[in-house]
Structures are given as C-alpha cells and as structure tokens.
Protein chains: 2
Amino acid sequence: MNAATKRRRDDTGTASLRTQAILETAAKLICAKGYAATGMQEIAEACGLTKAGLYHYIESKENLLLAIMSYGMDLFEEQVLLQVVGIEDPVERLKACMAKNVTLVTRGWSKEITIILHEHATLTGAAGKQINARKKRYVRFLESSVQEAIDRGLVRKVDPTVAAYAFLGTVLWVYKWFLPEGKLSDEQVADGMIDLFFKGLEVR
Amino acid sequence: MNAATKRRRDDTGTASLRTQAILETAAKLICAKGYAATGMQEIAEACGLTKAGLYHYIESKENLLLAIMSYGMDLFEEQVLLQVVGIEDPVERLKACMAKNVTLVTRGWSKEITIILHEHATLTGAAGKQINARKKRYVRFLESSVQEAIDRGLVRKVDPTVAAYAFLGTVLWVYKWFLPEGKLSDEQVADGMIDLFFKGLEVR
DNA sequence: GAGCTCTTACCGACCGGTTGGTAGGTCACA
DNA sequence: TGTGACCTACCAACCGGTCGGTAAGAGCTC
C-alpha cells in the first residue's frame with residue numbers, strides 16, 4: 001500500500017475547492033520566504049502532494065503567482081473597494097477606505113495581499129500588466145475621489161496624484177513594520193493615520 | 001594567451017576600490033532582479049570575473065547583501081540624517097528630512113537604498129539585526145523629533161509612533177511607483193508630500 | 001641585477017544539491 | 001471504458017561555494 005492509496009481522495013469535492021486550498025498554502029509559503037526563494041517542491045509538500053501532483057492543478061510557477069495575486073485583488077476589491085464606493089461624501093468615502101485598507105493589511109488573514117505588495121515587480125509581461133491594471137484602477141479611484149472632494153470644496157486644493165500616493169504609502173507601508181502583538185493595535189494605527197492624513201486636507 | 005593574461009591587473013589600485021565597484025555592480029543587478037533571483041555567476045560576469053574570482057573579494061552571498069545594505073545605510077545617514085540633525089526647529093528638521101529622503105529615493109543614484117527598502121526581511125540572524133538596528137535609530141529619530149515639536153507646542157498632539165510610520169510610508173513607498181520620466185518631478189512630489197503631511201500636524 | 005620568496009588576483013574544473021518542469025504510468029471511481 | 005487524480009522517475013540547467021593551481025608583481029638579499 002503506497003502513499004497514493006493511503007491518502008484519501010477528495011471524491012465529490014469540486015476541483016476548484018482543491019485549487020483554492022493550494023493557492024492558500026502556496027501563498028503562506030511565498031509570503032514568508034519570497035517568490036523566488038520558494039521552491040515548487042516545497043509548495044507541493046506543504047499541499048500533501050508531489051511536485052508532479054501539484055502540476056496537475058497549476059500550469060507553471062509564474063501562473064501560480066498570478067493566480068494568487070488575482071485572488072488577492074479579488075479579496076481587496078471585495079473587502080475594501082466594494083465597501084466604500086457607495087459612500088456619497090468623497091471625504092467619508094476616503095476615510096472609510098483608509099480604515100478598511102489598514103485593517104486588511106494588519107490582520108494577517110490574507111497573505112495574498114502582502115504578496116501583491118511585496119512582489120510588485122516580480123510578474124512581467126502579460127501577467128504583470130494584468131495585475132498592474134487592477135492596481136492602477138485603485139489609484140485612479142483615489143485620485144478622482146480626492147478631486148471630487150476638492151471640487152465640492154470639502155478639502156483644500158492639493159495635487160490628487162500626490163495625495164493618492166501619500167495615502168497609499170501611509171496605508172500600505174504598514175505591511176513592512178506592523179506586528180499584531182506590538183504596542184499599537186490596528187485600530188489605533190488606522191485611527192491615527194486617518195486623523196493625520198485628513199487633518200492635512202481640511203479647508204481652513 | 002588566455003583571459004587572465006589579457007585582462008589588465010589593477011596594479012596599485014587599492015583593493016577596497018575594486019570591492020566598491022563590485023558592490024555597486026552587484027547592487028544594480030540585485031536591485032533589478034531581486035536578491036534571490038540573482039545568481040552569483042551573473043554578478044561575477046557583470047564584474048568581468050569568474051565566480052571563483054568574485055569569491056576572492058567576498059565571503060558569501062549573504063555577506064555581499066549585508067555589505068550592500070551597510071553601504072546604503074552609510075549613504076542614507078550621510079545624505080539625509082547628517083544634513084538635518086543640526087536643525088534646531090524640530091518641524092523644520094522634519095521637513096528638511098522629508099525632502100532629502102524623497103529625493104534620495106527618487107534619484108536612482110543609489111540602488112542600495114532600493115535594496116534596503118525592498119529586501120527588508122531577506123537578511124536574518126546577526127546580519128539582519130545589524131541593519132534593523134540602524135533602521136530603528138531612524139524611526140526613533142523621527143519619533144523624538146515629533147515629540148519635541150509637540151512639547152514645544154509647534155504641532156498638535158498626535159501619536160509620535162504613528163506619525164513616524166506615516167512619514168516613512170509616505171516617503172519610502174515612493175520607490176514602488178515613481179518614474180523619473182513621469183508627469184511628476186521629484187521636487188513636486190517632495191513639496192506636495194511636505195505640504196500634505198505637515199498641514200496635518202499644524203496647531204489650529 | 002640576478003635570484004629568491006611572499007602576496008595578490010585571479011581561473012578552470014568541480015562539488016553536492018536544487019531548480020522548474022515533464023513523460024508515462026497506476027489507481028479509484030463513474 | 002473512460003477520465004480525473006496523482007505517482008515514480010527523470011531531465012537539463014543552475015545553485016552557492018570550493019579546490020588546486022598560476023601568472024604577475026613586490027620586496028628583499030647577495
């Protein structure tokens with residue numbers, strides 16, 4: 001009796017469910033060690049598969065990374081963007097967006113987000129373009145929200161592009177230093193950053 | 001006549017000069033491809049050496065990265081920290097610091113800085129601790145400058161730690177998106193960010 | 001200035017191990 | 001009788017690193 005017969009098959013389980021699990025396991029490893037430093041063998045073993053078995057589900061290493069990042073972008077859009085696009089007041093919209101974004105990064109639920117942030121130049125060619133386009137949409141959303149706030153006289157006049165990237169830097173850099181067991185809670189960080197950033201935008 | 005005899009020896013040139021050149025060449029490659037994805041062979045060839053020849057100058061790959069990062073930290077401390085520590089007014093000190101820091105990142109002179117920012121978790125053990133300690137000193141410098149500004153009544157009361165990390169995020173995230181040929185000049189970015197960040201700190 | 005030694009700066013060849021990826025087979029289940 | 005799931009065995013290329021060797025110069029002695 002070999003490993004194949006010992007291991008329980010996932011019978012009726014949809015194939016995509018298994019693929020999802022593989023993505024999550026791979027994400028955990030890649031998040032911890034970096035894309036280039038993580039071997040396919042390692043990922044396969046963590047999934048309870050051989051390397052060849054893993055390749056039954058994925059096409060290539062690069063494709064695996066793309067799948068992880070795409071899933072991460074889905075997650076981000078669902079947990080951040082979709083939650084705030086409906087808010088009518090552009091300032092409140094941006095504030096809510098910052099809060100959601102900070103907690104998305106601090107709560108380590110989604111290793112995929114960290115991977116997207118860290119491996120920002122790893123994917124090249126068509127795959128890279130695909131992810132970049134989705135990121136760009138977020139930047140544009142921020143820029144236009146800032147512009148809207150300016151037009152409505154809700155905030156003073158600033159460069160929307162600089163504001164958008166300052167917003168992003170403030171919020172996303174968090175992944176490099178935040179520790180859940182540190183002296184600052186994620187709410188404190190989020191509140192503090194919202195206070196800092198939006199006090200700088202107020203009309204006097 | 002083989003490659004060895006054809007190649008000119010660096011006779012009287014100090015050994016450290018050659019090492020310096022190797023560090024710079026290696027930094028360029030690692031900056032472009034990432035530490036894990038850059039091979040020693042590749043670095044050696046870019047230096048006009050064989051791999052064994054390269055190992056005449058360095059101890060190991062990890063050590064090479066440490067040397068690059070240490071040099072980057074030297075550069076940073078010399079071009080940013082040393083230029084501003086003497087400024088008496090803490091707000092002016094922080095403003096100057098932000099300006100210097102932005103231009104250090106935007107002007108691609110120093111690939112070493114980008115490597116320090118990107119490979120923030122690559123070095124482990126004693127080497128990692130060494131670099132981390134120097135980074136930590138910068139955070140503390142920012143925190144205490146903010147605290148000093150608060151104590152003197154120059155800015156409103158905020159959490160110095162959150163302010164320091166917001167400062168860093170704003171300034172350092174730049175390495176992920178800034179392009180010299182983009183629509184924003186580095187001065188525009190620096191000025192815009194200083195305006196945004198410090199307007200958020202002013203006393204009302 | 002010939003002869004000697006010591007040092008620096010490298011090179012070609014090689015090490016054990018790992019890389020991403022694949023061909024071809026086996027097995028359970030429908 | 002498929003078909004999807006998964007395996008063993010294997011590939012060429014590459015990994016970081018080391019080995020013994022060597023050409024060229026520096027410094028000293030006689």
Side-chain angles (χ1 to χ4, degrees), chain A residues 1-23 25-27 29-30 33-68 119 122-125 127, chain B residues 1-23 25-27 29-30 33-68 119 122-125 127:
Chain A
M1 193 191 244
N2 61 16
T5 47
K6 256 191 304 193
R7 189 165 302 111
R8 208 182 30 150
R9 300 310 178 101
D10 72 324
D11 37 85
T12 54
T14 39
S16 66
L17 233 165
R18 187 82 215 258
T19 308
Q20 196 73 4
I22 288 173
L23 287 192
T25 305
L29 284 172
I30 292 175
K33 304 190 38 175
Y35 172 75
T38 308
M40 294 304 275
Q41 181 109 269
E42 205 174 339
I43 292 172
E45 275 165 20
C47 295
L49 285 170
T50 58
K51 206 171 24 155
L54 173 60
Y55 271 95
H56 176 70
Y57 292 96
I58 64 158
E59 212 178 69
S60 65
K61 194 187 183 184
E62 204 182 347
N63 208 280
L64 171 66
L65 181 59
L66 175 60
I68 288 172
E119 310 282 351
T122 305
L123 282 180
T124 56
Chain B
M1 193 190 242
N2 61 18
T5 47
K6 257 192 300 194
R7 190 164 302 113
R8 205 185 29 148
R9 301 309 178 101
D10 73 323
D11 38 84
T12 55
T14 40
S16 67
L17 234 164
R18 186 82 214 260
T19 308
Q20 196 73 8
I22 288 173
L23 287 191
T25 305
L29 283 172
I30 292 175
K33 305 191 36 176
Y35 172 75
T38 308
M40 293 304 275
Q41 181 109 267
E42 206 174 337
I43 292 171
E45 274 164 21
C47 294
L49 285 170
T50 58
K51 204 173 22 155
L54 172 61
Y55 272 95
H56 175 71
Y57 292 96
I58 64 157
E59 211 180 71
S60 66
K61 194 186 184 187
E62 206 183 346
N63 208 281
L64 171 65
L65 180 59
L66 174 61
I68 289 172
E119 310 281 353
T122 304
L123 282 181
T124 56

Rounded to the Å, how far apart are [X] [atom1] and [N] [atom2]?
{"X": "A/Leu54", "N": "C/dT19", "atom1": "CG", "atom2": "P", "value": "13 Å"}
{"X": "A/Leu49", "N": "D/dT8", "atom1": "CG", "atom2": "P", "value": "11 Å"}
{"X": "A/Glu45", "N": "D/dC7", "atom1": "CD", "atom2": "C1'", "value": "14 Å"}
{"X": "A/Leu65", "N": "C/dT19", "atom1": "CG", "atom2": "C1'", "value": "17 Å"}

Side chains of [X] and [Y]: closer than 4.5 Å at any heavy-atom pair?
{"X": "B/His56", "Y": "B/Leu49", "value": "no"}
{"X": "A/Leu64", "Y": "A/Leu54", "value": "no"}
{"X": "A/Ile58", "Y": "A/Asn63", "value": "no"}
{"X": "B/Glu119", "Y": "B/Ile68", "value": "no"}

* Atom of A/Cys47, atom of A/Arg18 and distance for their closest heavy-atom approach -> O-NH2, 3.2 Å

* **Strand DNA chain C in bracket notation, Watson-Crick/G-U under 3.5 Å with | for pairs to another chain** => ||||||||||||||||||||||||||||||

Does [X] put a side-chain nitrogen or oxygen below 4.0 Å from OP1 or OP2 of [N]?
{"X": "B/His56", "N": "C/dC10", "result": "no"}
{"X": "A/Thr50", "N": "D/dC7", "result": "yes"}
{"X": "B/Arg18", "N": "C/dT8", "result": "no"}

* **Sequence-distant partners of B/Lys33, salt bridge (Lys or Arg N to Asp or Glu O under 4.0 Å), two or more places apart** => B/Glu42

* **Donor-acceptor contact present, side-chain A/Lys61 to main-chain A/Gly39, <3.5 Å** => no

* Structure fact -> So CG of A/Leu17 and CD1 of A/Ile22: to nearest 0.5 Å the spacing works out to 11.0 Å

Between protein and nucleotides 16-19 of chain D, what N or O pairs are separated by less than 3.5 Å?
| from | atom 1 | to | atom 2 | distance (Å) |
| --- | --- | --- | --- | --- |
| D/dG16 | OP1 | B/Thr38 | O | 3.4 |
| D/dG16 | OP1 | B/Lys61 | NZ | 2.8 |
| D/dG16 | OP2 | B/Met40 | N | 2.8 |
| D/dG16 | N7 | B/Lys51 | NZ | 2.7 |
| D/dG16 | O6 | B/Lys51 | NZ | 3.1 |
| D/dG17 | OP2 | B/Tyr55 | OH | 2.4 |
| D/dG17 | OP2 | B/Lys61 | N | 2.8 |
| D/dG17 | O5' | B/Tyr55 | OH | 3.3 |
| D/dG17 | N7 | B/Lys51 | NZ | 3.0 |
| D/dG17 | O6 | B/Lys51 | NZ | 2.6 |

